[in-house]
Number of protein chains: 2
Amino acid sequence: MSEQERDYDEFRVIEDLAGWRRTHHNNELTAADMDREVCLMGWVQFRRDHGGLIFLDLRDREGMTQVVFNPEDNATVHERAHAIRPEYVVAVKGRVRPRPEGMANPNMITGEIEIEVTDYKLLNTSETPPFPIEDRVEVAENLRLKYRFLDLRRPSLARNFILRNKAAQSVRRYLDALGFLEVETPVLTKSTPEGARDFLVPSRVNQGEFYALPQSPQLFKQMLMVAGMDRYFQIVKCFRDEDLRADRQPEFTQIDIEMSFVDEALIQDMAEGMVRTLFRETIGVNLPDPFPRMTFADAMRDYGVDKPDLRFELKHIDITDVFKESGFKVFASSELVKVMVVPGGAELSRKEIDEYTKFVEIYGSKGLAWIKVKEDGEWQSPIVKFFSEAEIATLRERSGCKPGDILFFQAGPADVANAALGNLRCELGKRFNLIREGEFKPVWITDFPLLEWDPDEKRFVARHHPFTSARPEQMQVLKEDPGQAIARAYDIVMNGFEVGGGSIRIHTEEQQEAMFAALGIGKEEAEEKFGFLMNALRYGAPPHGGIAFGLDRLIMILTGSKSIRDVIAFPKTQKATCLLTEAPSEVPNKQLRELGIRLREKKKEE
Amino acid sequence: MSEQERDYDEFRVIEDLAGWRRTHHNNELTAADMDREVCLMGWVQFRRDHGGLIFLDLRDREGMTQVVFNPEDNATVHERAHAIRPEYVVAVKGRVRPRPEGMANPNMITGEIEIEVTDYKLLNTSETPPFPIEDRVEVAENLRLKYRFLDLRRPSLARNFILRNKAAQSVRRYLDALGFLEVETPVLTKSTPEGARDFLVPSRVNQGEFYALPQSPQLFKQMLMVAGMDRYFQIVKCFRDEDLRADRQPEFTQIDIEMSFVDEALIQDMAEGMVRTLFRETIGVNLPDPFPRMTFADAMRDYGVDKPDLRFELKHIDITDVFKESGFKVFASSELVKVMVVPGGAELSRKEIDEYTKFVEIYGSKGLAWIKVKEDGEWQSPIVKFFSEAEIATLRERSGCKPGDILFFQAGPADVANAALGNLRCELGKRFNLIREGEFKPVWITDFPLLEWDPDEKRFVARHHPFTSARPEQMQVLKEDPGQAIARAYDIVMNGFEVGGGSIRIHTEEQQEAMFAALGIGKEEAEEKFGFLMNALRYGAPPHGGIAFGLDRLIMILTGSKSIRDVIAFPKTQKATCLLTEAPSEVPNKQLRELGIRLREKKKEE
């Protein structure tokens, strides 16, 4: 019987389940289920014809089961099974039986059994996918994102979303048990001054006006505290219209938390308890209790960054004082001079060092001085000749360098030297396999400066946000030397990522006004820009504070994913586009007219 | 000592808790805690000075506790307490003791005890609120929304959010136990053809292009099914830029659910189980198992609407046939003639009837015919004179009307007559107290028409959405007489509200093309508008379907709230504005320039 002669109906895709009921997922059946009558549904991973039999590996979200079509069991069904191709969707009824002697697969949960098919329905066909649905295959990311509905079928990716769901449940359970209420805050809200760039939404009803998508529910959660909600949380989408880096998305998910009647210690206890519970419940890892703490100043001193990866050492050493009076003017004139000793680093080639030199330039550095310690203890370096004997001796002693090491230097403005050497540390950690993969090293970073100088705007801006409280005893400092004020802010850093950050908020009108004054925002401007906050502070705002976690990044760490796009179901590219839906897109002029807006003429070169 | 002479420090607001730790909420302490040393924090509900003592009722999210300042216990603290006003935020330390003989308040959990204050801190002051923080007070809604941070302190409103949180937890627990994964879908997505009006977000990176906020994650959840995610849910914000009615918000929250390898029965079992669990776990109400079912046709016949409130009877009676040959041309020429008998309705005044006449005009009706049945059985009516003896007799028999009743008629095009008499039914239900308050009457409405005729566009449009499947046996009908095709769609209706609705989706390219054809969308246009969906259907889409619930409305029903704004923390007005933050607002031109858009000139009259 040729394909053409077969009754069409027997091969057609059915539009309905016709009453069939799936009895198990494809990871469930084992030797304990022998002889059971079952009904499985899923996608065909492989079809193998062997000895007159047709074998399928049937896949679903949970796993894989082998099913067998035998002409002796049911000739019609066996005949129809010839039509099956990979990624077809099928339903089979059959009996669980042991695989033949020697055919068991100990790597599969269902590896001891197979299903002897007695009846079968074709639920859908599939064209040949543009890439095989397997973990091992390397596929160009653009193709993966365009065919995201196929990409997500790959078990490793599907697992990320199973874990993500588990993580969110764990967080909710933990917070619920502590009396936190999940309260939803608006997505269509008001543009925030003093923040990053907002996404705007033109209002049709109020033409000429715009909503903004929230960068975080910061002011709403503070309103909820003033409202007496006491303990709030929300797992919530936030938005920032910034140029995207590799691990950034225009929309991201935050675990947003706020508490009343608390200080730093209470929030930190709650927050690290949440993270510990999360790690234990999702990947079975026990994090330290309590988390270690490190001041911002210490982090900058030892690691050059405020989110140090503590899975490896490679600390910085401040040697500014050593060269204060040096004849080597590059060092002598620098605000900060630091060195980092890389054990075994003398093996680095000139080419590699050149690459690292380019790398530090990203951070504004003007160069990368180095010293190789040869096996005989002698120093090889383009700069040592400028050092005095005393400088060399002190450097040798302070750095504790040994034969085979390399010393890397940064000298310059403190922020540049720190950023350059801090980020170089991470590169070298990878290059020399210093990072203990599989380890999780959380640390609280505390005592942040409240403000930082914005050279463009020529004024102080809030380092965290303008609602962050200064230490009570620092109110005077804030007035007299704002740059020195210490914030009641704290970050949780893990493995080089900031996974959470928060602060005790200002809860009195007086302190909020002082903060705005330090930012160069006068009373009138404050009233105009932050009127409802100032108003709320006048009506019994309780002491409160909170923290927010980047859920995407936490899941990335928990799953060991290399890209944040692997933990987001439908991510955007670095050009902020969705390759699946082709968003953003042009819209009919009629829609713009309704919104009272028009496009600007494009520039000539376009 | 005058106010001026007091040491400032003693009265000042502290910026820090100074290590104080709250030991209990204000609903916790009872006679069982006698003599316990406690620390409470909260807002001052009342201050009462009596017999040299100062009494405060201290309020927090959970409840109220009485605290007493006694000069004999601590003279300084008692002195300082004179500064306390309503809504001040205070922390007190003290001892639990019985209230004096006869002073217990049996209406409060904490009514048997009071706290003898030994130490006290003023955490914040408050101006006099624009309205008292009490449930009993009627306040203009605009004032409430502007001072939402005070409005939410009112116990009845706070309770709504406690219940809302509990409801979301209940839903998540239920779905989690059934293997549903909560997966987040994008907020910045693509404008959907065939839907309501989208909110648009101009793209800065891709100038001239726009994202749209999702009206629902419909296509994304279908993508997740094609991706093998099997069981998806999400409690998610959705957006519709439509003119707002009383119970609508531009952003609303949906419990969005999708399942693979299912048919209607499986989804309905799951969904009503969820609703039953929700009602049991939040308000202790047991809903019927299973929910009753009613076809769309039956609902229209008996109630004139597809979301009947079954808490009261007052069914419609179709009497079109009675007047088919009538001399009363208004009835004889009408597509549909219906009557509704209101027991005891003869008491309605002429004025009331006039108001109901105006009411039905909202729905396009041209008038409201009526018959009052007098106590002597005689009919009083402006229209009876046009009826034949036989018509009167049949009407009397069919309607079963009794002395004291009123009969209301609608005649006209079926949709107008149904809508007018259907909505009048609800008005009369209220007027005659027929609605059994406190009852919850869920019902499945099934067998909806797949399409409806759009007179403006002069084509069929999808009644649910264009991804809704027709019954398999109706594929031919869809081609030949599209208006007659029945959808595999279902709504859960409760107490006159549609609380949830869903369908089995189309999962084959062939049927999706047939559907688009019925909507007048050709292959090319389908490819252009729904390319990624058509593409996904080609690669092994499983049979799937789902349902979505309006969470706001469910919470409104569960809490017995009159307005949807009472279950949303920061709702918008009917003009789509937020009175608290004053969103939307104008934005600096610089921001618009970055987005490549400009405002249209406003019309002259503005």
Between the main-chain N or O of [Y] and the side-chain N or O of [X], is there a donor-acceptor pair closer than 3.5 Å?
{"X": "A:K575", "Y": "B:N206", "result": "no"}
{"X": "A:R153", "Y": "B:V226", "result": "yes"}
{"X": "B:E251", "Y": "A:L188", "result": "yes"}

Can you tell me how far the [atom1] atom of [X] sits from the [atom2] atom of [Y], to the nearest 0.5 Å?
{"X": "B:L224", "Y": "A:L152", "atom1": "CG", "atom2": "CG", "value": "6.5 Å"}
{"X": "A:D552", "Y": "B:E184", "atom1": "CG", "atom2": "CD", "value": "7.0 Å"}
{"X": "B:L219", "Y": "A:T581", "atom1": "CG", "atom2": "OG1", "value": "9.5 Å"}

| field | Lys/Arg-Asp/Glu bridge criterion (N-O < 4.0 Å) met for B:E182, A:R172 | value | yes
| request: May I ask you to decide whether A:R204 forms a salt bridge with B:D198, counting only side-chain N to carboxylate O separations under 4.0 Å? | output: no
Side chain from CB out, backbone as N, CA, C, O: work out which of these in [X] comes under 4.5 Å of a heavy atom of chain B, or both, or neither.
{"X": "A:L150", "value": "side chain"}
{"X": "A:R593", "value": "both"}
{"X": "A:Y88", "value": "neither"}
{"X": "A:R197", "value": "side chain"}
{"X": "A:V205", "value": "side chain"}
{"X": "A:E594", "value": "side chain"}
{"X": "A:A168", "value": "neither"}
{"X": "A:D243", "value": "both"}
{"X": "A:S203", "value": "side chain"}
{"X": "A:L592", "value": "both"}
{"X": "A:R164", "value": "side chain"}
{"X": "A:L163", "value": "neither"}

Is the shortest side-chain heavy-atom distance between [X] and [Y] below 4.5 Å?
{"X": "A:W43", "Y": "B:P542", "answer": "yes"}
{"X": "A:L123", "Y": "B:F261", "answer": "yes"}
{"X": "B:D241", "Y": "A:L595", "answer": "yes"}
{"X": "A:V201", "Y": "B:L200", "answer": "no"}
{"X": "A:E582", "Y": "B:F532", "answer": "no"}

| said: A quick test of your reading: do over 12 heavy atoms of other residues, nucleotides or ligands sit less than 6.0 Å from NZ of B:K121? | reply: yes
| query | Under 6.0 Å from the NZ atom of A:K166, do we count more than 12 heavy atoms belonging to anything else shown? | reply | no
| request: Determine, step by step, whether B:R22 and A:D230 satisfy the salt bridge (charged side-chain N to carboxylate O under 4.0 Å, His left out) criterion, reporting the C-alpha distance in whole Å, the side-chain angles of both residues, the deciding distance to 0.1 Å, and the verdict. | output: CA-CA 12 Å; B:R22 180 167 56 169; A:D230 212 298; 2.8 Å; yes
| request: Starting from the C-alpha separation in whole Å, work towards a yes-or-no answer on salt bridge (charged side-chain N to carboxylate O under 4.0 Å, His left out) for A:R173 and B:D176. | output: CA-CA 12 Å; A:R173 246 191 331 264; B:D176 184 52; 5.3 Å; no
Locate the shortest heavy-atom distance separating [X] from [Y]; write the atom from each residue and the value.
{"X": "A:P584", "Y": "B:Y211", "answer": "CD-CE2, 3.5 Å"}
{"X": "A:G540", "Y": "B:S126", "answer": "N-CB, 3.5 Å"}
{"X": "B:H507", "Y": "A:N124", "answer": "O-ND2, 2.7 Å"}

| request: Step through it carefully: locate the ring centre of A:Y539, locate the ring centre of B:Y147, and say whether they are under 6.0 Å apart. | output: yes
| request: Identify which of A:F239, A:F220, A:F199, A:F161 forms the greatest number of heavy-atom pairs closer than 4.5 Å to chain B. | output: A:F220
